[in-house]
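Input: a single structure, listed below in structure tokens.
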2 protein chains.
Amino acid sequence: MTTKRPTIRDVAALAGVSVATVSRVLSGDYPVAGATRTRVQRAVRDLDYVVNAHARALSGATSKVVAIVMFNVTTPFYAHIAAGVEAQAAEADRLCLVCTTGGDPDRELEIVKLMREQHADAVILVGGVTMTDDYRERMHRYAKALEDANSRLVLCGRPAPSPDFPAVTVEYDNVGGAYAATSHLLSVGHRRIAFLGGAVGNTTFDGRDTGYRRAMAAFGATVDPALVSHHGSLGPEYGFARVGELLAAGTDFTAIFAVNDHVAAGAIRALRAAGKRVPDDVSIIGYDDTPFAPDLSTPLTSVHLPHDELGRTAVRLALQRTGPARQHVMLGTHITMRDSVRPLV
Amino acid sequence: MTTKRPTIRDVAALAGVSVATVSRVLSGDYPVAGATRTRVQRAVRDLDYVVNAHARALSGATSKVVAIVMFNVTTPFYAHIAAGVEAQAAEADRLCLVCTTGGDPDRELEIVKLMREQHADAVILVGGVTMTDDYRERMHRYAKALEDANSRLVLCGRPAPSPDFPAVTVEYDNVGGAYAATSHLLSVGHRRIAFLGGAVGNTTFDGRDTGYRRAMAAFGATVDPALVSHHGSLGPEYGFARVGELLAAGTDFTAIFAVNDHVAAGAIRALRAAGKRVPDDVSIIGYDDTPFAPDLSTPLTSVHLPHDELGRTAVRLALQRTGPARQHVMLGTHITMRDSVRPLV
DNA sequence: ACGAGTAGTGTAAACGCTTTCTCGAGGCGT
DNA sequence: ACGCCTCGAGAAAGCGTTTACACTACTCGT
């Protein structure tokens, strides 16, 4: 088995031309006489020849691979960004290498090293991150190394650690989204709005916190610390437990702004378990506009993120080798209205 | 910028050894004197040297890449399989190339060709497919080509087109799962069970159809054609529309078996819209056990698939180069019970 | 003390492609 | 007619590794 694969040399021999000519026919843009071109193409077909990507990449051409590095692949948030990346990569005739970190910074380090080995022509780091000094320093090294390896680094959904950072960034507007969500609640009369926040220090969740507070301030509502919580886990358990606490403590609130839809789902569960109706008794608004949002027990109003566009823009930025080497794009968000918010009469 | 990257030659020079020695230190299992090894490792660190994966792959070593080809990356079904593949690949020190077809067979063809270029050491084709003669013939060619390119092909969630097909397959038991689901409904007294089926001719959905019919027969229930439908779209709209029809036609039924959870979600929507209660008036059972199943308006009972194990097994089979070149693994399913099924009194 | 291993290292030939030179053959302006 | 261009095609030099082969210097068994 495993018959030897034909090489460019075999094609050249069969077509009666030199390997250079075959290469030129295959790569396109170089003047080759029509007759020669046809002969080569015939030989390629007859031999069922395919180029060896490694040989091609080795001899100077680009690798045609974009890598996406993210937390996991199953969370809708990441999955949709990945979809955008994959789609745009495919359009640009690129393959897509997917790596997951599970949130482990050391794994991220390791993956970046692997990407250097692979000479990926773009590396896209997705998702918010908790910015420690160590992280900053380390990321700077990564980015430098990648730049030297002639790959473009793109930070997707997280800001650059410093202005001179050798990477392009594309983010969605966390502050704006949270501001809009909270304002929406406020504008229909809610004042006692609980905030179910994410991890403190994380660029993404800090932004949402800020948006919440700004909106409250803008409407002259005071932020009751008893109504604000932060937690690293972004699962339904958090929402469920936290709302249970609030209810048990008898803290008064008429609305909830949850840091994502999963947390919101847990919150709704807790509310129902306690005999509260949504949205009649408590209004709620989520974040991410996950696909299942419309099918929750109460169709959930949620902040919609430009997932797909985020992924696509990241790839576009990475591949466009002309123009400024560092740039920053901020994508907007909007609220998808469903039935989980009711005006306070 | 873009300073030249150090090569193995630079390392050799700095360490005062030959490139062969450096290579041997890097590749591990080969006798190298302790002192020399240390010196080389120091040079590697000082130069911040990383190997060039393309050069390595070109010169005979394996490519360390496994490719997964699937419909899309956002549907939980595929996402979870991909997660399994990625995890297992990472454990085997492999990178994971993800390609989506959007269901286009021509795109699948194109991708397989790309994988030949890449010399991926495993190519995993995920998901059911409609088996036309053309498909059979074409797939056979793909598989042969891949085998020649020294890659392993694995069919994941779809049977091999023929017994001599040069690929390994790993499937989950569609017939068994559907049989179990339908039996569950039957065993609590339901007889008028609507089946919301998938595309006819597709290996996956045909299996579920068979399971449904066998269970019905086993319990001596007759299959009313008016209660059975098939549709290629697997979205909520299908479930919503179909249940709407059933209701409008006044067809009598007490339970629904939906081909997946999305369709089930749509069905529930339609039921509620018509003032029916779930499960009090109509019981329903889904397929896939999607993560959002517990958070639907009625927590959905669903057939659980071994997504993760499916992906992992696929990779394991592909990478284990010893043992039979063609083999077949069938993974079992089970029902995750929630609140969407009520006994008929 | 001598030939046979063997551990440790070096040399150089692939691996399959791209790309820079080179060069020949026509076409054309004067 | 003659030099000059342009177009098409070939030769060959890499690209950065791995690895087969060769060689040296020991260590042993006899």
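Convention: sequence-line order gives letters A, B, ...; per-chain numbering from 1.
- Applying the 4.0 Å criterion to OP1 and OP2 of D:dA9, one finds that A:Thr36 has a side-chain N or O inside that range.
- Shown here for A:His54 and B:Leu58, the closest heavy-atom pair between the two residues is CB-N, 4.3 Å.
- Rounded to an integer number of Å, the gap from CD of B:Gln118 to C1' of C:dC17 is 14 Å.
- In this structure, B:Val51 and B:Ile8 have side chains that are not in contact, with every pair of non-hydrogen atoms separated by 4.5 Å or more.
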### Query
Which letter, B, S or -, goes with each nucleotide of nucleotides 15-26 of chain D from 5' to 3', with contact meaning a protein heavy atom under 4.0 Å?
BBBBBB------
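- The end-to-end axis angle of the helix from C:dA1-D:dT30 to C:dT30-D:dA1, rounded to 10 degrees and based on five pairs per end, is 40°.
- Judged purely by distance below 3.5 Å, without hydrogens or angles, the side chains of A:Ser162 and A:Asp164 pair a donor atom with an acceptor atom.
- There is a side-chain donor-acceptor pair under 3.5 Å between B:Asn72 and B:Thr75.
- Between B:Phe77 and B:His307, the two ring planes are perpendicular [angle over 60°; tilted spans 30° to 60°].
- Shown here are the side-chain hydrogen bond (donor to acceptor under 3.5 Å, both in side chains) partners of A:Asp46, two or more places apart in sequence or in another chain: A:Arg42.
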Using a 3.5 Å cut-off and no angle test, enumerate the donor-acceptor pairs between side-chain atoms of residues 110-118 of chain B and protein atoms at least two apart in sequence or in another chain.
unit_1: B:Glu110; atom_1: OE2; unit_2: B:Arg107; atom_2: NH1; d: 3.4
unit_1: B:Arg116; atom_1: NH2; unit_2: A:Asp48; atom_2: OD1; d: 3.0
unit_1: B:Arg116; atom_1: NH2; unit_2: A:Asp48; atom_2: OD2; d: 3.3

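- Looking only at side-chain heavy atoms (C-beta outward), B:Tyr78 and B:Val126 come within less than 4.5 Å of each other.
- With sequence neighbours excluded, the residues that form a side-chain hydrogen bond (donor to acceptor under 3.5 Å, both in side chains) with A:Arg141 are A:Glu137.
- Looking only at atom types and distance, the side chain of A:His328 has a donor-acceptor partner in the side chain of A:Thr169 under 3.5 Å away.
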At a cut-off of 3.5 Å, list every protein nitrogen or oxygen paired with a nitrogen or oxygen from nucleotides 5-7 of chain D, distance to 0.1 Å.
none

